[in-house]
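One structure is given below, encoded as structure tokens.
Lettering follows sequence order; numbering is per chain, from 1.
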Amino acid sequence: MKPRRIPRSFFMRSSVTTIARELLGKVIVSGIDDVRTAGIITETEAYAGVGDRASHAHGGRRTERTEVMYARGGTVYVYLCYGIHHLFNVVTNKEDVPHAVLVRGIVPIAGLDRMKERRGGRMTTDGPGTAAQALGIHVRHSGSDLIDGPIRIEDHGHQVPDADIKVGPRIGVDYAGDDAALPYRFWVGRPDALLSR
DNA sequence: CAGCAGATTGACT
DNA sequence: GTCAATCTGCTGC
């Protein structure tokens, strides 16, 4: 199938969990350092804005870092975690509603040599920090546009059967009280099978 | 302003 | 299993 760019309307929808689930199987393409690298999304987490205690925007919090979460859907939000890892998020919903989807894992499909180089020789891309690093994503890309910017999301026709989609609580959000148990994490059961679909 | 915890990772005991 | 790396932002003195 010919790659098709995901339109802004996909990201502007109001259900962040639906978007997180539908992003599985889609392809992140980054044109950074004059090299094209790409990977199929295999794991995501939804962060549901002001009412979600696990979200950086909980309670309407606005800081220099989180300001881009309030942009319209289809904007890139990247933040530094533990002072080291650049975590890639997709902002969703309309302007001023700070929903976002964290991409936690990818299967590389283009620019593998460059990705491995960025990873210091390692090829694993199954964590939020490692996936972003392989794609060359940096906090300087926070605020860029997914439709026109250096980082885009496309549909390459990779099929993910419902039976192969797993759902569970988010990782590392124990501090979020009851919200820590919400089933907002989505992942592909057999990621390698994506390559042949 | 000091202290601490965090949407993590990888090296080392 | 333990722990350091090291930036952002919150809490409390």
Side-chain angles (χ1 to χ4, degrees), chain A residues 11 15-24 26 28 30 37 39 41-71 73-93 97-108 112 114-144 146 151 153 165-188 191:
Chain A
F11 304 105
S15 173
V16 66
T17 49
T18 297
I19 295 171
R21 177 191 287 263
E22 293 182 0
L23 279 174
L24 296 177
K26 299 297 190 293
I28 303 179
S30 73
T37 50
I41 298 172
T42 59
E43 183 175 348
T44 61
E45 280 178 0
Y47 286 85
V50 300
D52 181 356
R53 290 183 61 188
S55 171
H56 290 163
H58 175 238
R61 186 171 60 178
R62 291 181 99 115
T63 66
E64 192 172 347
R65 176 177 75 159
T66 64
E67 187 60 33
V68 303
M69 293 187 78
Y70 293 81
T75 300
V76 173
Y77 171 46
V78 185
Y79 75 94
L80 209 51
C81 186
Y82 294 99
I84 299 176
H85 309 291
H86 299 253
L87 270 52
F88 172 73
N89 300 255
V90 175
V91 174
T92 70
N93 216 311
V97 181
H99 289 187
V101 175
L102 169 68
V103 174
R104 293 190 58 91
I106 60 169
V107 174
L112 306 199
R114 186 74 184 95
M115 294 174 105
K116 187 170 182 178
E117 195 178 315
R118 286 168 174 155
R119 290 277 302 115
R122 290 175 287 267
M123 203 55 238
T124 53
T125 53
D126 56 355
T130 60
Q133 184 179 37
L135 290 163
I137 294 172
H138 188 277
V139 288
R140 70 172 148 275
H141 299 113
S142 197
S144 68
L146 274 177
I151 305 160
I153 296 186
I165 295 180
K166 313 293 183 187
V167 183
R170 294 169 292 187
I171 303 292
V173 296
D174 295 345
Y175 59 88
D178 292 344
D179 290 341
L182 293 171
Y184 281 6
R185 173 173 171 244
F186 305 90
W187 71 98
V188 179

- Message: With rounding to the closest Å, how many angstrom separate the C1' atoms on C/dT8 and B/dG10?
- Response: 22 Å

- Query: Considering only the P atoms, how many Å lie between C/dC3 and B/dC4, rounded to the nearest integer?
  - Reply: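 Taking atom P in both C/dC3 and B/dC4, they lie 16 Å apart.
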
- Message: Any base atoms under 4.0 Å from A/L102, or only sugar-phosphate, or nothing? Heavy atoms, all strands.
- Response: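 Base: the residue A/L102, judged by heavy atoms under 4.0 Å, touches a nucleobase.
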
- Classify the nucleic acid contact of A/R170 as base, sugar-phosphate or nothing, counting any heavy atom under 4.0 Å across all strands shown.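 Result for A/R170 = nothing.
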
Atom [atom1] of [X] and atom [atom2] of [Y]: how far apart are they, to the nearest 0.5 Å?
X: A/R104; Y: A/T42; atom1: CZ; atom2: OG1; answer: 10.0 Å
X: A/H56; Y: A/Y79; atom1: NE2; atom2: OH; answer: 4.0 Å
X: A/S30; Y: A/H141; atom1: OG; atom2: NE2; answer: 8.0 Å

- Check the side chains of A/R119 and A/Q133 for a donor-acceptor pair under 3.5 angstrom, ignoring hydrogens and angles.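 Yes, a side-chain donor-acceptor pair sits under 3.5 Å.
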
- Message: Under 3.5 Å, is there a donor on one side chain and an acceptor on the other for A/R122 and A/T130?
- Response: no

Using whole Å, what does the distance between atom [atom2] of nucleotide [N] and atom [atom1] of [X] come to?
X: A/M69; N: C/dT8; atom1: CE; atom2: C1'; result: 14 Å
X: A/Y79; N: C/dT6; atom1: OH; atom2: C1'; result: 15 Å
X: A/D174; N: B/dG6; atom1: CG; atom2: P; result: 8 Å
X: A/H58; N: B/dG6; atom1: NE2; atom2: P; result: 15 Å
X: A/Y82; N: C/dT2; atom1: OH; atom2: P; result: 16 Å
X: A/I84; N: B/dA5; atom1: CD1; atom2: C1'; result: 14 Å
X: A/I171; N: B/dT8; atom1: CD1; atom2: C1'; result: 11 Å
X: A/E64; N: C/dC7; atom1: CD; atom2: C1'; result: 12 Å

State which residue, out of [options], fulfils the side chain to side chain contact (heavy atoms under 4.5 Å, CB included) condition with [X].
X: A/F11; options: A/T75, A/L23, A/V91; result: A/L23
X: A/L102; options: A/Y77, A/F88, A/Y47; result: A/Y47
X: A/T44; options: A/L24, A/N89, A/I19; result: A/L24

- Please, what dot-bracket string fits DNA chain C when only Watson-Crick and G-U pairs with both distances under 3.5 Å count, crossing ones use [ ] and pairs to another strand use |? |||||.||||||.

- Message: Under 4.0 Å, heavy atom to any atom of DNA chain B: which of residues 122-137 of chain A qualify?
- Response: A/R122, A/G127, A/P128, A/G129, A/T130

- Ignoring backbone atoms, test whether A/R61 places a side-chain nitrogen or oxygen under 4.0 Å from the OP1 or OP2 oxygen of C/dC10. yes

- Task: Mark yes when over 12 heavy atoms from residues, nucleotides or ligands other than A/Y184 sit less than 6.0 Å from its OH; otherwise mark no.
- Result: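 Check fails, neighbour count at 12 or below.
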
- For the pair A/K26 and A/V90, evaluate side-chain contact (heavy atoms from CB on, under 4.5 Å) and give the outcome as yes or no after the intermediate values. CA-CA 13 Å; A/K26 299 297 190 293; A/V90 175; over 6 Å; no

- Nucleotide of B/dT9, C/dG9, B/dG10 approaching A/R119 most closely (side-chain heavy atoms): B/dG10

- Task: Look at the side chain of A/L80 and decide which nucleotide, out of C/dC7, B/dT8, C/dC10, has an atom nearest to it.
- Result: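 The listed nucleotide nearest to A/L80's side chain is C/dC7.
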
